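Working notes, structure below.
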Amino acid sequence: MLGFKIERAAAPIWMRSLIPVIAILVTFILTATLVIMAGANPLEAYRYFLIAPLSSQVSALEVLVKSTPLLLTGASVAFAFAAGYWNIGSEGQLYAGAIAAAWLGIILEGVPSVVAIPLMLVGGFAAGVLWALPPALLKVKLAVDEVVTTLLLNSVILFIVSALLNGPWRDPVSGWPQSPEIAASTVFPRLIPRSRLHLGFIVALLTIAALWFILSRTALGLKMRAAGLGQEAARFAGVNVENTILTAALVSGGIAGLAGVGEVAGIHFHLIEAISPGYGYTGIIIATLGGLHAVGVGLAAIFIGLIDTGAQTVSRALGVPVYLGDVVQATLLLVTLGLFILQNYRIKRA
Amino acid sequence: MHAIQMRGITKRFGPVVANDHINFDLEQGEIHALLGENGAGKTTLMRILYGLYHADEGEIRVDGEVVHIASPKDAIRLGIGMVTQHFALVPTLSVAENVVLGYTDGFRVEPQAAQQRVAEAAARFGIEVDPAALVRHLSVGERQRVEILKALYRNARILILDEPTAVLVPQEVEVLFETLERLRQGGLSVIFISHKLYEVMTVCDRITVLRDGRVVGTVDKEATSQAELARMMVGRETFGVTRQDGRPQGPVLLRIENLSALDQKGLPALKEVTLEVRAGEILGVAGVSGNGQTELSHVLAGTLKPTEGRVLVGNEDLTGADPARISAAGVGRIPEDRHEGVIGELSVAENLALEYLDEFVKGGRLDHRRIRQHAERLIAEYQIKASPTDRTRTLSGGNMQKVILARALSRNPRVVIASQPTRGLDVGATEYVRSKLLEQRDRGAAVLLLSEDLDEVLALSDRIAVIYEGRIVDVLPASEADVEQLGLMMSGAREGTSARV
């Protein structure tokens, strides 16, 4: 009737790879209105957002510091999503890793770093796995919706952290609700002097590499993708869908746990309630933006790290709220999701 | 007086002509059956009448007036109601709320008044339902009555029922037929879509038979018989199949004993099925869709656990085994729905390797080179028009089916389970698939062919089993099978000569 019709057809490859770029452009156009309402010049704002953080070594390294937990939570979410397991619980699994790190950081006092730091990583990973286990089992055994269970467990662990910090772990020295400082031997070494960039960044990069290797080069990865993309057909072909999903869910939790270890051992040196400003949730944005591919997740994490850093620069320089960074992130996710759907259609003259 | 006249209705879906110049009349106060095999065009015609599809050609008259039915809203306004197999009810609402839903005046709904009105309507139409009951507490038969009441409450004078008995247990069928008869006496006109002969002969006044999108004829119940209807419905004169009887028969490779299974709704779908397939033969299972073929193929593929019975391949007991074990035991499986077999977003090479993944792992990692070589070999051997890296969903139906065929047959399985192997394929691809199945048989495999296409069953099988409502009615040599007899058995009109009583 309108002279056009919409039909299902996949977009060509070149257009698919342009999607992140298009998404960023559309997001900036959409959020420009808000910047103007906040009384700033959008172009100048975006210069502070995107370019200023990279103009000095100190702030460029700070972008990588911000990216470290995001690389891990992004990898965590991507790993689960690739197998069709919608883990919304990376936030909580991060906290599980952080609790383990704060505890190990105390009891490993006196143990040399070469032993203590690997133990911190293993312990944090295991804690993430443990926290991911109940919803994963419920999903596989009883088909309980993991979106609900993983999401709700995020609140549960926040209360556990709060109980620990206001109870047995309250710092006896300061009296603040924070755990005692971890032993020096368990602190992650700095990669570059006079910056906050720590060993966790290397761990994050290795994790991204492992994500790539597992998904594209191993039988487990192929089974995960098969289970995620076509559960019935995967089952028909003999894939043990339940075990595959369980594995993906637990490894995903472990990776998120590593992010918690990094924040405790590399940045804060003790457990605090606000150790994550929502890294786990941002991981969902990153995994989606990155199209669940390792390289995409890596780039998306660093990009979001850039926006996070830029949001503070822009707010200092132009007096717009820091929340603008969050708005940009959220808009970016919505636009990207929209583009992922739209790429499956084309408009034709009827 | 005609309630409905449909003239020259034609509907195409791409190259497929679903309705080809169909003429159909419904008289006031009659129950008129639309009879035909699956895919004959019955549902399409009724969806056009209800405004869900639009005819490419033809005209519709309601009470003699030419009408344009653009949507179900128009149909309802004209007094046409339709009850499909999938009920459109909100389980958490009450019967009364469901009935008035979308048919209320103004903004407010007064539950008491609505319940009162629905109760009155139920009493007037003689439909037994409790207006206050929540729909989720109702049985399937009761839900169907709510759907019928919903249509009548909207002042339907013409009621379309799409295979209403498919979801019902026999006692509920009885109740439905009584209700329909009562409503007919009250002046309602009913179109009853079915492929079951005895039902049609029980409840209907006239019967219009469709085949391949065309009207074969309209007959009065008094002037016809189940045999004639079966002939009209299946309606083939010759098959032109040359059969080599007396080929040597091997040992039994697939043995199915007293197999029972439930469908997705938890109702019995397979009832004590016993079958044997020997090496070097094709056993065709003929039947109208929805008579247990899906469940049988799922049980044999390992994706559905049987409730009773045994499945043996050779001497190996595979009852309730998972797909990996069944595949490893030498069973090649072609699923009913292609998308159950391949994953569209994975590449052709990945799909071809998925079933035998362990063989493509070297030192903990996938051997991509061997996966590719394996795919290249099968692509050449099975003439698949694709490259190994193509996403499988970009393939045509025929090529997708060849991917499945290649995966299932390339390992020379002892037993082949082929479900609807040519459904939706063009002539060339169909021929190819059939020739491959014959090749497997000649090689000495035991082939179980489940097909709704009677021509296919007759063309390929050495023996034919007829399945009806989850039971095997009879198994007979293909040389002794005649179409009319098969048609009757498929429609539940005749017991097999050797069937259990």
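For the numbers below, each heavy atom of this structure counts, side chains included, while hydrogens, waters and symmetry mates do not. Every chain is numbered from 1, with letters handed out A, B, ... down the list of sequences. Quick caveat, the model's predicted, so the values are computed rather than measured.
- Atom CD of residue E340(B) and atom CD of residue Q231(A) lie 13.0 Å apart, to the nearest 0.5 angstrom.
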Tell me, with the steps shown, if L222(A) and L366(B) meet side-chain contact (heavy atoms from CB on, under 4.5 Å). CA-CA 9 Å; L222(A) 182 52; L366(B) 283 179; 4.0 Å; yes
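- Smallest separation of non-hydrogen atoms from R235(A) and P323(B): O-CG, 3.1 Å.
- Proximity to chain A is absent for every atom of R338(B), based on heavy atoms less than 4.5 angstrom apart.
- Contact of L357(B) with chain A is made through the side chain alone, with heavy-atom distances under 4.5 Å.
- Atom NE2 of H368(B) is surrounded by more than 12 heavy atoms from other residues, nucleotides or ligands within 6.0 Å.
- Taking a 6.0 Å sphere around NZ of K305(B), one finds it holds more than 12 heavy atoms contributed by other residues, nucleotides or ligands.
- In this structure, the side chain of H339(B) does not engage the main chain of A233(A) through any donor-acceptor pair within 3.5 Å.
- Contact count against chain A (heavy-atom pairs under 4.5 Å) is highest for P335(B) among P335(B), G302(B), A301(B).
- Listed for the R325(B) side chain is no donor-acceptor partner under 3.5 Å among the backbone atoms of G238(A).
- Remark: R365(B) is not positioned above the aromatic ring of F213(A), lacking an NZ or CZ atom under 6.0 angstrom from the ring centre and at most 45 degrees off the axis.
- Between atom CG of residue L354(B) and atom CZ of residue F236(A) there is a gap of 11.0 Å, rounded to the nearest 0.5 Å.
- When the candidates L346(B), D358(B), V361(B), T303(B) are compared by the number of heavy-atom contacts under 4.5 Å with chain A, L346(B) comes out ahead.
- Ionic pairing of R225(A) and E345(B) is not present here: no N-O contact between side-chain nitrogen and carboxylate oxygen is shorter than 4.0 angstrom.
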